[in-house]
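Beneath this line is the structure, given in structure tokens, with notes to follow.
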2 protein chains.
Amino acid sequence: MRPREFDHDDVLRIAFDQFWRKGVRGTSLSDIARDADVQRGSLYNAFGSKEALFLAAYERYASEYLASIEKALSSGSLRRRLTAFFDVTIGNMCAGSPPRGCPTTRGLMELGSAEGEGLDDNARRAFADLMTRITVRLEAVLSAGVARGEFKGSPKCTALHIATVTRGLAVLERAFGDEGKLREIASHTVDLVLAKASG
Amino acid sequence: MRPREFDHDDVLRIAFDQFWRKGVRGTSLSDIARDADVQRGSLYNAFGSKEALFLAAYERYASEYLASIEKALSSGSLRRRLTAFFDVTIGNMCAGSPPRGCPTTRGLMELGSAEGEGLDDNARRAFADLMTRITVRLEAVLSAGVARGEFKGSPKCTALHIATVTRGLAVLERAFGDEGKLREIASHTVDLVLAKASG
DNA sequence: AACAATATTTGACACGGCGTCAAAAATGTG
DNA sequence: CACATTTTTGACGCCGTGTCAAATATTGTT
């Protein structure tokens with residue numbers, strides 16, 4: 001059989017970069033094809049559809065991103081871990097010029113329908129999955145904090161709260177583009193969450 | 001001059017309903033034209049562009065929504081006001097079947113670029129404006145809470161924190177569609193914010 | 001009452017994006 | 001060398017946005 005003339009992973013990276021910068025619906029397969037030096041038809045042959053291409057590209061990103069989150073959460077005091085978590089999160093969404101925002105949040109609001117209409121339910125699941133994984137990781141870190149006396153409270157509720165704030169930050173980034181404000185909110189959140197701690 | 005054959009406000013309501021259900025990019029002017037019994041060209045003549053039509057429809061919604069938020073924040077203890085605020089917010093984003101989510105958050109992530117790329121900067125400003133108004137209102141309520149001894153903390157930081165959580169809830173609604181979870185988070189947030197209060 | 005001025009409606013058009021298809025091209029295999 | 005298989009390539013249909021000119025309906029003027 002005829003060999004493929006392009007690198008699968010290169011295309012995924014190039015595609016995700018465009019999706020991230022211009023949004024999923026704002027990026028055409030022609031754009032990606034031009035950037036990747038591939039014919040548009042080849043993309044359909046290789047991935048099937050725009051949504052499937054996005055999904056593949058997103059999952060590539062998600063595993064890398066999750067790894068960086070886990071690294072940030074993996075050492076130091078609880079306060080240090082949470083601060084590092086927000087640093088990575090905010091750094092990610094404010095990177096680029098202009099800033100590209102959080103691809104998970106952007107993609108979710110652009111493609112996800114909470115139920116039915118099910119056009120892009122696979123994408124929705126992928127986004128929800130990353131959020132769940134992060135929340136679970138946060139909960140584990142908070143539980144460890146309880147065990148060490150660094151934190152008093154419900155790890156489950158608190159992890160969910162922090163995850164919610166994280167998503168809110170992604171929205172505020174789009175609205176105001178003010179990284180300083182995001183960092184203030186993050187810092188205030190850490191203080192609030194740790195207020196009852198070791199006091 | 002020839003009189004218009006359709007009601008401006010009716011079209012705005014019909015259009016916003018579609019935008020809300022199917023997203024801005026997922027709604028075509030043909031859809032709206034059919035639903036509103038108007039020719040597509042008439043919409044362009046009356047509003048200029050799809051974005052302008054959305055903007056007009058959104059601003060109609062925003063003023064109504066802001067009024068309902070202000071009502072919720074206007075009576076009772078601080079705890080009661082914040083609870084009512086979250087009730088209205090969550091009720092709004094979970095209404096409809098399937099739930100339509102928060103139109104501000106959805107629209108912002110779909111259209112807004114934090115900077116440059118400036119295609120839809122007017123829309124971004126409209127979304128940011130509503131968020132700012134709500135935050136200002138929250139801050140005023142919290143300041144009043146401080147004056148009455150119901151709350152100890154920074155009204156500014158706390159208002160921003162609550163606004164952030166609100167946006168995060170809108171994202172989680174899309175991801176999981178679990179209204180109960182949203183209410184738990186809201187309740188936990190109120191507890192957290194009021195933890196230092198009147199104790 | 002006829003007519004000009006003005007705004008709206010209507011249908012056709014260009015352009016671009018998504019997705020499909022068949023034909024052409026490039027490899028491995030008997 | 002001929003065959004099977006997969007990828008590439010270019011053409012097509014469909015739909016969405018936005019523009020335009022011609023047709024239509026109303027108001028104001030003479």
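Numbered from 1 within each chain, the chains take letters A, B, ... in sequence-line order. No hydrogens, no waters, no symmetry mates; every other heavy atom, side chains included, goes into these values.
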Checklist entry - Counting side-chain heavy atoms from C-beta on, which of D:dG18, C:dT20, C:dG17 comes nearest to B:Tyr44? => result D:dG18
Checklist entry - Touch check for B:Phe6, heavy atoms < 4.0 angstrom, all strands: base, sugar-phosphate only, or nothing? => result sugar-phosphate
Checklist entry - Rounded to whole angstroms, how far apart are CG on B:Asp7 and C1' on C:dT8? => result 15 Å
Next on the checklist: Rounded to whole Å, how long is the line connecting atom CD of A:Gln18 with atom P of C:dG17?
Outcome noted: 12 Å
Checklist outcome for this item: Atom CD1 of B:Ile32 and atom P of D:dG18 are separated, to the nearest Å, by 11 Å
Checklist entry - Could you state the CG-P distance from A:Asp37 to D:dT9, rounded to the nearest angstrom? => result 10 Å
Checklist entry - Linking I/L/V/M/F/W/Y whenever any side-chain heavy atoms sit under 4.5 Å apart, do B:Met131 and A:Met109 land together? => result yes
Item to check | Nearest to side-chain heavy atoms of B:Pro3, which nucleotide of D:dT17, D:dT8, D:dA25 | outcome: D:dA25
Next on the checklist: To check you understand the geometry: which heavy-atom pair defines the closest contact between B:Val11 and B:Phe47, and what is its length?
Outcome noted: CG1-CE1, 4.0 Å
Item to check | From D:dT26, C:dG11, D:dG10, nucleotide with atom closest to B:Gln39 side chain | outcome: C:dG11
Checklist entry - Considering only heavy atoms and no angle criterion, is a donor-acceptor pair shorter than 3.5 Å present between the side chain of A:Arg2 and the base of C:dT27? => result no
Checklist entry - Would A:Arg79 and A:Asp191 pass as an ion pair if we require N to O under 4.0 Å? => result yes
Checklist entry - What nucleotide among D:dC12, D:dT17, C:dT6 has an atom nearest to a side-chain atom of A:Arg40? => result D:dC12
Checklist entry - Between C:dC18 atom P and A:Leu29 atom CG, what is the distance in whole Å? => result 5 Å
Checklist outcome for this item: A:Arg4 has its side chain closest, among C:dG17, D:dT7, D:dG18, to D:dT7
Checklist entry - Less than 6.0 Å separating the ring centroids of B:Tyr58 and B:Phe19? => result no
Checklist entry - Is it true that the side chains of A:Tyr61 and A:Asp17 contain a donor and an acceptor less than 3.5 Å apart? => result no
Checklist outcome for this item: Between CG of B:Asn45 and C1' of D:dA22 the distance, given in whole Å, is 14 Å
Next on the checklist: I want to check one thing: is the phosphate of D:dT7, taken as OP1 and OP2, less than 4.0 Å away from some side-chain N or O of A:Ser42?
Outcome noted: no
Checklist entry - Separation of A:Arg25 atom CZ from C:dC18 atom P, in whole Å? => result 11 Å
Item to check | 5′-ward residue of the pair A:Met1/A:Gly41 relative to DNA chain D | outcome: A:Met1
Next on the checklist: Measure CD/B:Glu51 against P/D:dG18 and give the value in whole Å, please.
Outcome noted: 9 Å
Checklist entry - Touch check for B:Ser28, heavy atoms < 4.0 angstrom, all strands: base, sugar-phosphate only, or nothing? => result sugar-phosphate
